[in-house]
Number of protein chains: 2
Amino acid sequence: MAIKERKEREKQDMRNLIIESATQLFLKQGYDKTSIRSIAEDIEYSPATIYLYFKDKDEIFYVIHENAFALLEKVFRKHDPIQDPFEKLTAICKSYVEFALQNPDYYDLMFIMRAPLSQIACEDTWKEGDSAFEYLLRTISACVDEKKIKPGDKFVLAMTVWSFGHGLVSLYVRGRFGVMKMSEEIISEMMDHAVDLFLSNLKT
Amino acid sequence: MAIKERKEREKQDMRNLIIESATQLFLKQGYDKTSIRSIAEDIEYSPATIYLYFKDKDEIFYVIHENAFALLEKVFRKHDPIQDPFEKLTAICKSYVEFALQNPDYYDLMFIMRAPLSQIACEDTWKEGDSAFEYLLRTISACVDEKKIKPGDKFVLAMTVWSFGHGLVSLYVRGRFGVMKMSEEIISEMMDHAVDLFLSNLKT
DNA sequence: GTTTTTTACTAAACAGTGTTTAGTATATTT
DNA sequence: AAATATACTAAACACTGTTTAGTAAAAAAC
């Protein structure tokens with residue numbers, strides 16, 4: 001009965017095909033302009049076929065959202081070898097900002113858009129978000145334990161750091177900095193300064 | 001020739017009627033569900049009529065966005081009498097967070113949504129945003145001048161404070177904190193702690 | 001006061017969207 | 001070879017923002 005397995009494989013292949021097309025279209029033209037019909041056209045199937053593999057548009061973008069988190073996780077993991085927790089924290093923050101600036105559409109999907117959150121609501125735990133947040137929490141805990149930063153509730157500290165980083169990049173991604181007639185370079189430089197300033201204020 | 005003036009008045013009345021209806025529907029059911037057709041139905045005119053008074057949906061929501069900024073400005077102005085600039089800064093931050101938690105839909109429209117920004121792009125200056133930012137900038141400048149907070153580039157400092165505040169509330173507004181199984185009250189309390197922590201780290 | 005012009009409005013259509021339904025070939029099982 | 005299950009799609013449904021063409025009523029011109 002290898003047929004069943006082949007069918008299962010083909011089903012996965014089709015899902016992957018849809019996700020690949022959706023991702024490519026999404027990164028090229030954004031969420032709103034990536035319609036089910038345009039994905040269907042791209043993969044040369046009828047729009048209705050897509051609904052045989054995904055419940056709705058949100059589910060498709062939830063998978064893309066998961067992939068984006070995997071990418072961020074990879075970036076974070078690069079800093080695993082760093083021993084000093086404050087150095088590690090700094091590296092994480094800078095990577096986070098860099099990730100957002102280099103992948104603004106991914107960042108939007110991960111942390112700003114409402115779209116793929118209906119899926120998360122179903123599962124009732126946001127495993128990717130939690131995972132990233134816990135990585136930050138662990139690093140900050142180490143900083144506190146080794147007295148590298150001022151004492152404080154670790155959770156609140158992590159919330160503070162994440163909020164700062166998110167605020168910085170999301171104001172940029174959604175064009176609230178862009179309006180202040182400044183070049184991208186200057187914005188990027190300013191962000192770097194802001195991160196340094198913010199982190200130096202946490203230091204003991 | 002008072003007819004012309006009456007006509008002008010009637011035109012404004014109609015604009016106000018549309019805005020009032022749109023605002024009410026928007027605050028009740030959100031942006032996406034507030035369609036031109038639903039506004040038209042509410043004011044008992046045809047959908048096409050709305051386009052005689054507004055260029056497009058974005059223009060309508062840009063006016064709502066302006067009204068929301070007027071509301072925030074009012075909240076800020078309450079703190080004008082505060083003499084000590086650090087106390088003032090603290091009050092502003094807390095008001096900002098409070099405003100966002102009490103008017104999440106307004107906040108979304110003002111600082112997160114892409115929708116009404118096409119209008120801003122046309123005018124090429126974001127007068128409301130700039131005004132609010134400059135209020136913050138002035139307060140922070142006073143803090144630096146009076147050596148209430150650690151020295152630093154005033155612009156970067158303002159960017160840092162705004163980013164932190166925005167990050168905090170926008171993660172909440174877009175449901176990235178809500179998923180962590182915490183009650184609204186606890187979230188609100190945590191935010192308060194985070195603001196205190198953040199500002200205390202700026203202190204000299 | 002009648003005719004012309006302008007104004008205010010709308011029905012209907014256009015071009016999209018996400019999604020569902022009913023039906024058809026093909027592949028698999030009996 | 002017949003019955004069943006699978007994979008797929010054409011067409012429709014119920015929406016969306018927006019535009020066009022046409023119609024009454026109000027204002028201006030004669």
Side-chain angles (χ1 to χ4, degrees), chain A residues 1-19 21-22 25-26 28-65 109 113-119 122, chain B residues 1-19 21-22 25-26 28-65 109 113-119 122:
Chain A
M1 291 296 123
I3 287 173
K4 232 180 188 171
E5 290 165 29
R6 196 202 73 217
K7 287 265 158 116
E8 192 56 45
R9 220 164 45 231
E10 282 175 351
K11 194 143 199 157
Q12 255 310 320
D13 285 352
M14 190 64 163
R15 274 182 71 99
N16 291 341
L17 186 68
I18 293 167
I19 291 296
S21 166
L25 290 172
F26 166 64
K28 201 195 288 174
Q29 39 183 302
Y31 176 84
D32 283 332
K33 283 188 180 167
T34 306
S35 63
I36 298 290
R37 278 173 176 83
S38 69
I39 299 168
E41 171 124 2
D42 187 54
I43 62 171
E44 298 176 303
Y45 279 84
S46 106
T49 301
I50 290 173
Y51 288 89
L52 300 173
Y53 297 89
F54 293 93
K55 189 181 135 283
D56 53 24
K57 198 185 172 185
D58 275 11
E59 197 180 274
I60 296 172
F61 280 87
Y62 180 65
V63 175
I64 296 176
H65 156 118
L109 199 62
M113 285 186 58
R114 282 221 173 84
L117 244 69
S118 57
Q119 299 298 323
C122 291
Chain B
M1 294 297 123
I3 287 174
K4 232 180 188 171
E5 291 166 27
R6 196 202 72 216
K7 288 266 159 114
E8 191 56 47
R9 220 165 44 231
E10 283 175 350
K11 193 144 198 155
Q12 256 309 320
D13 285 352
M14 190 64 164
R15 273 182 73 100
N16 291 341
L17 186 68
I18 293 166
I19 291 297
S21 166
L25 289 172
F26 166 64
K28 202 195 287 176
Q29 39 184 306
Y31 176 84
D32 284 330
K33 284 188 179 167
T34 306
S35 63
I36 298 290
R37 278 173 176 84
S38 68
I39 298 168
E41 170 124 3
D42 187 53
I43 62 171
E44 296 177 303
Y45 279 84
S46 106
T49 301
I50 290 173
Y51 288 90
L52 300 172
Y53 296 89
F54 294 93
K55 193 181 133 281
D56 54 23
K57 197 185 172 185
D58 275 10
E59 199 181 272
I60 297 173
F61 279 87
Y62 180 65
V63 175
I64 297 177
H65 155 118
L109 198 63
M113 283 187 59
R114 282 219 174 84
L117 244 69
S118 57
Q119 298 298 323
C122 290

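Here is how names work: the chains are called A, B, and so on, in the same order as the sequence lines, proteins then strands, and each is numbered from 1. Quick caveat, the model's predicted, so the values are computed rather than measured. Note: hydrogens, waters and symmetry copies are ignored here, and every other heavy atom, side chains too, is used.
- Taking atom CE of A:Met14 as the reference point, atom P of D:dA7 lies 10 Å away to the nearest angstrom.
- In terms of position along DNA chain D, the nucleotide closest to B:Asp32 lies nearer the 5' end than the nucleotide closest to the other residue of the pair B:Arg6 and B:Asp32.
- Each of A:Lys7 and B:Ile36 was matched to the nucleotide of DNA chain D holding its nearest heavy atom; the match closer to the 5' end belongs to A:Lys7.
- In this structure, A:Lys57 contributes its side chain and A:Thr34 its backbone to a donor-acceptor pair below 3.5 Å.
- A donor N or O paired with an acceptor N or O is found under 3.5 Å between the base of C:dG18 and the side-chain atoms of A:Arg37.
- Dashed line: the shortest gap from a side-chain N or O of B:Ser35 to OP1 or OP2 of D:dT16 is under 4.0 Å.
- Put simply, B:Tyr45 has no side-chain N or O that comes within less than 4.0 Å of OP1 or OP2 on C:dT10.
- In this structure, CG of B:Leu52 is placed 15 Å from C1' of D:dA24, rounded to the nearest angstrom.
- Residue A:Ala48 places its side chain closer to D:dA10 than to any other of D:dA10, C:dT10, C:dA13.
- Atom-to-atom, CG of B:Leu25 to C1' of D:dG17 comes out at 16 Å; the value is rounded to the nearest Å.
- Here B:Tyr53 lies in heavy-atom contact (under 4.0 Å) with sugar-phosphate atoms only.
- Atom-to-atom, CG of B:Asp56 to P of D:dG17 comes out at 11 Å; the value is rounded to the nearest Å.
- Comparing atom distances between the A:Ser46 side chain and each of D:dG17, D:dA10, C:dG18 picks out D:dA10 as nearest.
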